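So that the names make sense, note that chain A is the first sequence line, chain B the second, and so on, each numbered from 1. As a basis for the values below, the full set of heavy atoms in this structure was taken, side chains included, without hydrogen atoms, waters or symmetry mates. Please read all numbers here as calculations on a predicted model, not as lab measurements.
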Amino acid sequence: MSVVTRFPPSPTGDLHIGSIRTALFNWLYARRLGGKFILRIEDTDRGRSSQQSVDIILAGMEWLGLDYDEGPYYQTQRFDRYGEVVEQLLAQDKAYRCYCSKERLEKLRADQMVRKLKPRYDGHCRSLDNVPTGGVAPVVRFRTPLDGAVVVADKVHGHITTSNTQLDDLVIARSDGSPTYHLTVVVDDIDMGVTHIIRGDDHINNTPRQVHILEALGAARPIYAHVPMINGSDGKKLSKRHGAVSVLEYREQGFLVGALTNYLARLGWAHGDQEIFTRDELKNAFDFEGLNKSAATFDLDKLLWLNQHYLQNVPSADLVAMAKPFFEASKVRLDDGPDVAAAVEAQRTRAKTLTEIVEQSHMFYGDIIRDKNAAKKHLRPAVEPVLQKIREKFVAVDTWSGAALKDIVEQTAIEFNMKLGKVAQPLRVAVTGSSASPSIDITLELLGRERCLERLDGALVYIAERAAT
RNA sequence: GCUCCCUUCGUCUAGUGGCCUAGGACGUCGGCCUCUCACGCCGAAAACAGGGGUUCAAGUCCCCUAGGGAGCGCCA
């Protein structure tokens, strides 16, 4: 039997980092076994669904490289099919029309709550002989067995038993005829031949209901694997107040696909002590055995660490290609400065995201903002002759190369009988405005002679003004 | 309230009855390297929720308690 998995998001907002992780698991599983991965848009809730959300889903899948073999299917395009199934169930008496008013249902629920009972539909319309008058448009309810129990074999939780007395007759078609979630998933999974359902464990409680529908339709059961949820740092459901929750935000913030997927895969799943996985390794290693049962807390620090790791290890050309759009989106003038590739190379070990690479490279392209504390500490009158001397040498040097510049800085330190750091650091602050930058020779080289001289002059003015007050 | 699920360092996790004086990773702290910031390297602190069993032996099996989460919609 070949494997078929699926990712069924509802287009009602952002593409949540938690749902994309289950998508990843489904994709990984299908890919490892040479199966099929299906994308299905669950848009039956027309009021909340939007094309914009669909676009976000599609863009997110593409960015993450989660390609699908079928789909996207849209449930709104399958209403005829659902209607057919509802009729079939009705004809077989496995479902029935319910004419209960919303008021009656609400009262029922309220009563059950005060009696400390689990709120359930009471089966009022289960065996109606004739259509009640009053003109209430009926819904269709599924006839759930009154007794017995369902046992669901789950790949991560083992056997989960649910007594049918805990379940009630759920609505499978609304009064306007549209199908509800439980019906559509089951029908779709059957029709699309889904063999493995990997989803969040918030669906554990839904599974027995779906199994009943599945069996009423005479279909074979798929294999279930309910994966733990991802929580925010306070242990609560991951939401916006914990930071970025939408996949595309991570892209905008300069995270690499490899890092994000690597991180997500390791939340709720492990393969021994391995932390770093290439996509192929992930594909080959992913299995249900490694899945965890308990919810995981999203840890941005670890994601950042992984991202930095990837930043350091991807081939230069790839990194540059990934960084370019970020440079272009920033306001700097790329034509007035070093080649982007050189800037990226200079920054890659000291940045955690692509956006940081760009921010730290601003000094190569635009004006600098002099860090007050750094200036105060390093641009003292005492270094004025040193910077003056370096300036002269900068003017005179033939080739503006890192090696030559390094030589100048070192020689100057010797001339003034100073430690290298005492010379390099003020120089750094002078030409970059900040006390942190790539090594001084590379920084100078990328800045270029003209810019270095300009900024050196600016720093000398600063020192002069400072001495005057 | 009812039902179901979950519980190893702050966090992600290894662990499938003896190899566990509980391992790895992030983070934190200390050190080395060093022109700064990083990278890298070395080291430290840090956990089996609690209580009962079962067993020669329990983080690992069972039960209870506590805590957390989810579901209980004409949402998905």
Side-chain angles (χ1 to χ4, degrees), chain A residues 8-12 42-45 47-49 75 98 102 105-106 109 112-121 137-141 154 156-157 160-163 165-168 170-176 178 180-182 184-185 200-209 226 228-229 231 233 235-237 263 266-276 289-290 292-306 308 312 347-352 360 374 378 406 409-410 413 419-429 432 434-441 443:
Chain A
S10 54
T12 54
E42 307 219 326
D43 55 352
T44 53
D45 185 347
R48 295 200 301 150
S49 300
Q75 292 191 320
C98 168
K102 281 197 172 154
L105 261 18
E106 270 162 34
R109 254 195 290 277
Q112 286 166 331
M113 288 293 265
V114 301
R115 285 162 56 210
K116 300 188 194 306
L117 257 34
K118 182 170 178 168
R120 304 163 56 223
Y121 179 62
V139 297
V140 176
R141 286 185 186 274
D154 186 283
V156 353
H157 295 275
I160 300 171
T161 306
T162 307
S163 165
T165 60
Q166 293 302 322
L167 273 19
D168 66 357
L170 61 288
V171 173
I172 55 174
R174 304 181 182 96
S175 49
D176 67 358
S178 65
T180 63
Y181 166 72
H182 289 294
T184 59
V185 242
D201 64 14
D202 50 340
H203 282 289
I204 286 182
N205 292 292
N206 290 331
T207 309
R209 304 161 160 278
H226 286 97
M229 308 293 284
N231 290 154
S233 46
K236 303 276 189 234
K237 201 172 183 166
Y263 177 70
R266 283 285 286 100
L267 270 186
W269 177 81
H271 186 65
D273 284 336
Q274 190 171 349
E275 297 284 352
I276 310 289
E289 314 291 274
N292 236 310
K293 292 177 175 181
S294 50
T297 300
F298 190 88
D299 182 15
L300 188 62
D301 281 336
K302 189 154 184 179
L303 206 211
L304 249 7
W305 169 76
L306 262 169
Q308 182 171 49
Q312 283 180 61
Q347 301 291 10
R348 69 188 303 173
T349 61
R350 69 204 84 237
K352 290 186 193 300
Q360 291 166 8
H378 297 286
K406 184 172 188 183
V409 178
E410 281 171 355
K419 283 194 167 180
L420 184 56
K422 294 289 180 194
V423 175
Q425 198 56 1
L427 178 57
R428 169 174 284 112
V429 175
T432 71
S434 143
S435 57
S437 87
S439 64
I440 196 68
D441 48 339
T443 301

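Figure legend. B:rC32 is base-paired to B:rG40; pairs are counted as Watson-Crick or G-U wobble with both atom distances under 3.5 Å. In this structure B:rU54 sits in no base pair that meets the Watson-Crick or G-U test at under 3.5 Å. Partner assigned to B:rC26 is B:rG10, using Watson-Crick or G-U wobble distances below 3.5 angstrom. Nucleotide B:rA76 forms a pair with no other nucleotide shown, judged by Watson-Crick or G-U wobble geometry with both contacts under 3.5 Å. B:rU3 is paired with B:rA70 under the criterion used here, namely a Watson-Crick or G-U wobble arrangement in which both key atom distances are under 3.5 Å. B:rC20 makes up no base pair with any nucleotide shown, lacking Watson-Crick or G-U wobble contacts both under 3.5 Å.
If you take CG of A:Asn292 and P of B:rG69, they are 18 Å apart, rounded to a whole angstrom. Here the P atom of nucleotide B:rC35 and the NZ atom of A:Lys406 are 8 Å apart, to the nearest Å. Following rounding to the nearest Å, A:Tyr263 (OH) and B:rU13 (C1') show an atom-to-atom distance of 11 Å. For the pair A:Leu303 CG and B:rU11 P, the interatomic distance rounds to 18 Å; values are reported in whole Å. Nucleotide B:rU13 holds its P atom 12 Å from the CZ atom of A:Phe298, rounded to whole Å. Between the CG atom of A:Asp301 and the C1' atom of B:rC9 there is a distance of 16 Å, given to the nearest Å. Across the protein-nucleic acid pair, A:Asp45 atom CG and B:rC74 atom C1' stand 11 Å apart, rounded to whole Å. Residue A:His182 contributes atom NE2, which lies 9 Å from atom C1' of B:rA76 at whole-angstrom precision.
Separation of the C1' atoms belonging to B:rG1 and B:rA58 is 36 Å when rounded to the nearest angstrom. B:rA76 and B:rG15 have their C1' atoms separated by 37 Å, with the value rounded to a whole Å. Comparing the C1' positions of B:rG40 and B:rU16 gives a spacing of 37 Å, expressed to the nearest Å. Separating the C1' atom of B:rC63 from that of B:rU54 is a span of 11 Å, rounded to the nearest Å.
Comparing B:rA76, B:rC12, B:rC37 by their closest approach to the side chain of A:Tyr181 singles out B:rA76. Minimum atom distance to the side chain of A:Ala270 is reached by B:rA14, of the listed B:rC12, B:rA14, B:rA76. When distances are taken from the side chain of A:Asn205 to each of B:rU36, B:rC4, B:rG27, the shortest belongs to B:rC4. With B:rG1, B:rU7, B:rG71 as the candidates, the nucleotide lying closest to the side chain of A:Lys116 is B:rG1. Side-chain atoms of A:Asp202 lie closest to B:rA70 of the nucleotides B:rA70, B:rU13, B:rC74. Out of B:rU36, B:rG27, B:rA76, the shortest distance to the side chain of A:Glu42 is found at B:rA76. Among B:rC74, B:rC2, B:rC12, the nucleotide with an atom closest to any side-chain atom of A:Ser175 is B:rC74. Listed nucleotides: B:rC12, B:rG1, B:rC74. Nearest to the side chain of A:Met113: B:rG1. Distance from the side chain of A:Asp299 is smallest to B:rU11 among B:rA76, B:rU11, B:rU36.
Here A:His226 lies out of heavy-atom contact (under 4.0 Å) with every strand. No engagement by A:Pro208 is indicated, since no non-hydrogen atom pair under 4.0 Å with the nucleic acid exists. Residue contacts for A:Ser294: at a heavy-atom cut-off of 4.0 Å it reaches the sugar-phosphate backbone alone, with no base atom in range. Looking at heavy-atom distances under 4.0 Å, A:Ile440 makes contact with a base. Contacts of A:Arg109 with the nucleic acid, taken as non-hydrogen atoms under 4.0 Å apart, involve only primed sugar atoms and P, OP1 or OP2. When heavy atoms are screened at a 4.0 angstrom cut-off, A:Ser10 is found touching the sugar-phosphate backbone but no base atom. Base contact: A:Ser437 has a heavy atom under 4.0 Å from a base atom.
The pair A:Asp168-A:Arg209 meets the salt-bridge criterion, since a charged nitrogen lies less than 4.0 angstrom from a carboxylate oxygen.
Of the N and O atoms on the side chains of A:Gln112 and A:Arg115, not one donor lies less than 3.5 Å from an acceptor on the other residue. With hydrogens and angles left out, the side-chain atoms of A:Thr443 and A:Ser437 include a donor and acceptor closer than 3.5 Å.
Looking at heavy atoms from C-beta onward, A:Arg141 lies out of side-chain contact with A:Ile172 at the 4.5 angstrom threshold.
At a cut-off of 3.5 angstrom, the base of B:rC39 holds no donor-acceptor pair with the side chain of A:Arg350. Under 3.5 Å, the side chain of A:Lys118 and the base of B:rC72 form no donor-acceptor pair of N or O atoms. Scanning atom types as modelled, no donor and acceptor separated by under 3.5 angstrom connect the side chain of A:Asp273 and the base of B:rA25. For B:rG24, the base has a donor-acceptor partner in the side chain of A:Glu275 [N/O atoms by modelled type, under 3.5 angstrom].
Between A:Thr180 and B:rC74 there is no side-chain N or O to OP1 or OP2 distance below 4.0 Å. Residue A:Gln308 places at least one side-chain N or O under 4.0 Å from the OP1 or OP2 atom of B:rC39.
Summary of the strand contacts: A:Lys237 and A:Val156 both lie near RNA chain B, and taking for each the nucleotide with the nearest heavy atom, the more 5' one is attributed to A:Val156.
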